[in-house]
2 protein chains.
Amino acid sequence: MGVSKTEIFTEEQNRIALYAKVLGNPARVAILQYLFSISECVCGDLVDVIGLAQPTISQHLKELKNLGIIQGNVEGTSVCYCVNMENWNTMKTVMHQFLDLDAAPKKKCC
Amino acid sequence: MGVSKTEIFTEEQNRIALYAKVLGNPARVAILQYLFSISECVCGDLVDVIGLAQPTISQHLKELKNLGIIQGNVEGTSVCYCVNMENWNTMKTVMHQFLDLDAAPKKKCC
DNA sequence: TATATTTATCGTAATATTGCAATATAACAA
DNA sequence: TTGTTATATTGCAATATTACGATAAATATA
C-alpha cells in the first residue's frame with residue numbers, strides 16, 4: 001500500500017506522525033539547522049550549502065512550507081526563506097509533549 | 001530515487017532524521033503511547049488495541065526495536081514489549097536539542 | 001505426539017519518497 | 001523587448017514504505 005491508515009488513529013497521533021515525517025529527512029533537517037544558524041534569511045544559497053540539486057531543494061522547501069514551519073518571501077528574483085517561529089513552536093510543543101511521556105508506575109517484565 | 005543521500009550530511013543530521021522517520025507513522029506513535037500508558041508490559045493485545053493486522057503490527061514493532069526504543073521479552077507463547085527508557089531518553093535529548101534551536105539574532109525579511 | 005496459541009517472516013500489491021534533468025515561470029537589467 | 005538570474009514545476013527512474021494474506025516457527029497444553 002504505502003499509505004498509512006490515518007482514519008483509525010486520533011488526530012493527535014496523526015499530527016505527531018506528520019510533523020515527525022517531515023523532519024525525517026536529513027536534507028530537511030540540514031535546511032532547518034541552516035535557517036536557524038544565520039541571522040539573515042536565506043536567499044538563494046541553500047543549493048550551495050546543502051549540496052543537492054536545485055529542484056530537490058525546492059521540493060524539500062515546499063514540504064517544509066506546506067507544514068508551515070518555514071515561510072518564503074519574494075525578494076526580487078530570489079525568494080528568502082526563514083523559520084516561521086509561531087508554527088515551529090506549535091510543533092515543538094506537540095513533539096515535546098509526546099517525547100516527555102513518562103513510563104507509568106513500574107514495569108514487570110523489562 | 002527514494003533513498004536519501006546520507007553521505008552528504010552530518011551524523012547528527014542523519015540521526016535526527018532517522019529518529020524522526022521512525023516516529024513519522026501514526027501506528028508507531030499509537031504503539032508507543034500505549035506502551036507508555038499501561039503499567040504492565042504489552043503481551044499480545046497490541047493488535048486489538050491498534051486495529052491493524054497482526055503482520056503489520058509485528059513489522060512496526062520490529063522497526064521500533066531496531067531503533068532500540070522498545071524491547072521485547074519472550075514470555076511463554078507471547079512476547080512482552082515495553083519502552084527502553086535509556087534509549088528513549090537518548091532520542092529525547094537529541095530531538096529536544098534540535099527542536100530547541102532558537103532563531104539567531106534578528107531576521108530582516110520575515 | 002497432536003493441537004492450539006502467539007508472534008515472526010515471506011511475498012506481494014499499492015502507494016510514497018527521493019533525486020535529478022529538462023523546462024517553465026517570474027522579476028529584474030540593459 | 002531581450003537577456004539574465006533565481007526559483008518552481010513536470011516527468012521520470014529508483015527505491016522505500018505500508019498493509020495484509022499465507023505460512024512458518026516457537027511454545028504451551030491436552
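Order of the sequence lines fixes the chain letters, A, B, ..., with proteins taken first and strands second; residue numbering starts at 1 for each chain.
Side-chain atoms of B/Trp88 do not come within 3.5 Å of backbone N or O of B/Ile70 as any donor-acceptor pair. Counting only distance, with no hydrogens or angles, the side chain of A/Asn84 and the backbone of A/Gln71 share no donor-acceptor pair below 3.5 Å. In this structure, the side chain of B/Ser37 engages the main chain of B/Tyr34 through a donor-acceptor pair within 3.5 Å. A donor-acceptor pair under 3.5 Å is formed between the side chain of B/Thr93 and the backbone N or O of B/Asn89.
For the pair B/Leu64 CG and D/dT17 P, the computed distance is 13 Å after rounding to whole Å. Following rounding to the nearest Å, B/Leu23 (CG) and D/dT18 (P) show an atom-to-atom distance of 12 Å. In this structure, the CG atom of B/Asn73 is 14 Å from the P atom of D/dT27, given to the nearest Å. Between A/Arg28 atom CZ and C/dG19 atom P there is a gap of 8 Å when expressed in whole angstrom units. Rounded to whole Å, atom C1' of C/dC20 lies 13 Å from atom CD1 of B/Ile8. The nearest whole Å value for the distance from the CD atom in B/Glu63 to the C1' atom in D/dT17 is 8 Å.
Phosphate proximity of C/dG19 to A/His60: present, with a side-chain N or O under 4.0 Å from OP1 or OP2. Contact check, A/Asn25 against C/dT17: no side-chain N or O comes under 4.0 Å of OP1 or OP2.
At a threshold of 4.5 Å between non-hydrogen side-chain atoms, the residues B/Ile16 and A/Gln33 count as touching. No side-chain heavy atom of B/Tyr81 sits less than 4.5 Å from a side-chain heavy atom of B/Leu64. Looking at A/Ile31 and A/Val42, their side chains never come closer than 4.5 Å, going by heavy atoms from C-beta outward. For the pair B/Ser58 and B/Gln54, the minimum side-chain heavy-atom distance is below 4.5 Å.
Atom CD of B/Glu7 has more than 12 heavy atoms from other residues, nucleotides or ligands within 6.0 Å.
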Counting primed atoms, P, OP1 and OP2 as sugar-phosphate and everything else as base, the B/S/- map of nucleotides 7-16 of chain C against protein heavy atoms under 4.0 Å is BBB---BBBS
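Toward the 5' end of DNA chain D, the nearer of the two residues A/Ile57 and A/Lys5, judged by each one's closest nucleotide, is A/Ile57. With the nearest nucleotide of DNA chain C identified for both A/Leu52 and A/Val74, A/Leu52 has the one nearer the 5' end.
Relative to the side chain of B/Ala53, the nucleotides C/dG19, D/dA19, D/dC20 differ in distance, and D/dC20 lies closest.
Of all the residues in residues 12-19 of chain A, not one reaches under 4.0 Å from DNA chain D with any non-hydrogen atom.
Residue-level contact check: B/Ser4 touches the backbone only, with heavy atoms under 4.0 Å from sugar-phosphate atoms and none from bases.
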